[in-house]
There are 2 protein chains.
Amino acid sequence: MTTGPQAPEGYDPHAYPPFAVTVDLAVFTVRDGALKALLIERVDDPYAGAWALPGGFVDIDEDIPDAAWRELHEETGLEQFAGHLEQLGTYGTPGRDPRMRVVSVAHVAFAPNLPDPTPGSDARNARWCDVDDLDLPGLRGSHADAEITLAFDHARILADAVDRVASKFEYTPLATSFVADHFTLGELQHVYEAVWGTRLDRSNFRRWVKDTTGFVRPTSGTARRRTAGAGRPAALYTADEDGPGTLTPPLMRPDDARALRHDPRAPRHEPGALRPDEENR
Amino acid sequence: MTTGPQAPEGYDPHAYPPFAVTVDLAVFTVRDGALKALLIERVDDPYAGAWALPGGFVDIDEDIPDAAWRELHEETGLEQFAGHLEQLGTYGTPGRDPRMRVVSVAHVAFAPNLPDPTPGSDARNARWCDVDDLDLPGLRGSHADAEITLAFDHARILADAVDRVASKFEYTPLATSFVADHFTLGELQHVYEAVWGTRLDRSNFRRWVKDTTGFVRPTSGTARRRTAGAGRPAALYTADEDGPGTLTPPLMRPDDARALRHDPRAPRHEPGALRPDEENR
DNA sequence: CCAAAAGTGTTCTCAGTACACCCATGT
DNA sequence: ACATGGGTGTACTGAGAACACTTTTGG
């Protein structure tokens, strides 16, 4: 091992146990009226052939957000990512990676409806996977007959990430990160319904969105038939960039949208109660 | 550097950059009607003599929650810690520790009114510090004339932790972690008021607490003068252990309690928007 | 008696809910 | 004509806010 970076005199770089630090990404988009997560097929050996969240090692002089954005760009192939990225939590149980002790800082990213599966820069296969088709611990459908199983503890990370997205939708205008820069209120409502897995009253949703300051701004344009079929053309709106990052009042999802989830509303992020004698999972 | 733990054949333990991983703890209690955080005086050289959050290195085979509980016991000297501990977020900006590249997993702990400053097992000085007396970035009083400055990025961590506690009080019964196992509704209200830095209507608070299932249970006992002075003896309550970890409906803090904070309601945890080109502190 | 804190009740208002109804367009 | 989705209005209801009032203690 080399000496620690910028280590002054008097410190022993061997005095601390060496960890590997990675970033994992739960990248979401809404497509075909469903919440989808980006998964990649692993080629390297731990869990080779299995599906996993995109991610990779953090460089020794690289900030963690930078590493997350770098991996996001590398794995999605998107240079201009217009969405949102934030830290979710850190997962570092010994043995979660059979190779070595790895601490992974998981992130959540919100993407607008992206061009297509976007295979990564390397040879891996990539796809958008419906989260309802996955067997996530205590979440949504929880299909025991799911054909896809995720590598490492990525099922838990993804379950926490889904909870995070659903919570964020109540208090923040981040739903606009899932749609194009100009969108109709119907599209925005479809995003909410896909993320929450519920139905919303069109009239009340529209009134809440328009009465909430700092959420959307009307534009002069009107949507000329972007969805197939008939219907009156909808007015186009834009995200209000000047607004605060918070919605007042919040839009609380209906109770049936919470019942679908395991431990709703509370786990904004925490991976459990973290009691000393309890199993953490 | 030694070979990575349980590394199978074919993997090079030198292939990843070695990080140090620590846990930092923001331990809160309510005392004298104010929210206090546990700070220790550093003796070792980086920021020696400065005040900092308790914390330490994670062992190479130790789970992160275990490390957090271990440090909590070591630093507070409390064997039986009746409170609550949860992960807050991870702070790993290069250079935050001048010795080496350190990634710190910060935690939040809620403690009942503890016996006293409780100096740690080692020689360091420890004290409960009023969070309003600290200069925390964009929070509460934000005293520019604060006498105490915190080591590393602990001011930011503590600011995020205060936000987390205030948010948690809206949706979870964790306020009971700040009081003894038997408490009066007045005491519980004082805890809420200290954490939110606001005043609540006594009548409405009491009605909300009693109407919220899974929060408190009445006991037969009645408090016999624990606060000095006159007044009718109050009934004693206990935390409802059987309830879900969430409060329905939530108790929203009044708007003036949000205005005290920098970026209220939204940053349940995220340390900012994490844009690639932005400074992340 | 008075102050202080606990406990109870009542009114008002407003936001969420559940609808009904009309408008514009494609087929 | 009719189905489809956009847009508007309205009555009902329940929870929060504000506040008045009673009860029980200590001094």
Residues in side chain to side chain contact (heavy atoms under 4.5 Å, CB included) with [X], at least two apart?
X       : value
A106(B) : L88(B), Y91(B), I157(B)
R207(B) : N204(B), D211(B)
R202(B) : Q189(B)

For this session: State whether R164(A) and D160(A) are salt-bridged, where the test is any N-O pair (Lys NZ or Arg NE/NH1/NH2 against Asp/Glu carboxylate O) under 4.0 Å.
Result: no
Would you mind reading off the distance between [X] atom [atom1] and [N] atom [atom2], rounded to a whole angstrom?
X       : N       : atom1 : atom2 : answer
R199(B) : dG16(D) : CZ    : P     : 21 Å
L188(A) : dG6(D)  : CG    : C1'   : 15 Å
H190(A) : dT4(D)  : NE2   : C1'   : 11 Å
F183(B) : dA6(C)  : CZ    : P     : 14 Å
D255(B) : dA15(C) : CG    : P     : 11 Å
E187(A) : dG6(D)  : CD    : C1'   : 12 Å
R232(B) : dT24(D) : CZ    : C1'   : 5 Å
M252(A) : dT17(C) : CE    : P     : 10 Å

- Query: When the aromatic ring centroids of F178(B) and F183(B) are compared, is their separation below 6.0 Å?
  - Reply: no
Considering only side-chain heavy atoms of [X], which listed nucleotide, [options], is closest?
X       : options                  : value
P233(A) : dG26(C), dA24(C), dA6(C) : dA24(C)
A230(A) : dG7(C), dG6(D), dG26(C)  : dG26(C)
T184(A) : dG6(D), dT23(D), dA3(D)  : dG6(D)

D240(A) meets the salt bridge (Lys or Arg N to Asp or Glu O under 4.0 Å) criterion, sequence neighbours left out, with R217(A)
F205(A) meets the ring-ring contact (aromatic ring centres under 6.0 Å, His included) criterion, sequence neighbours left out, with Y192(A)
Expected list for residues 201-213 of chain A near DNA chain D, using heavy atoms below 4.0 Å, is R202(A), S203(A), R206(A), K210(A)
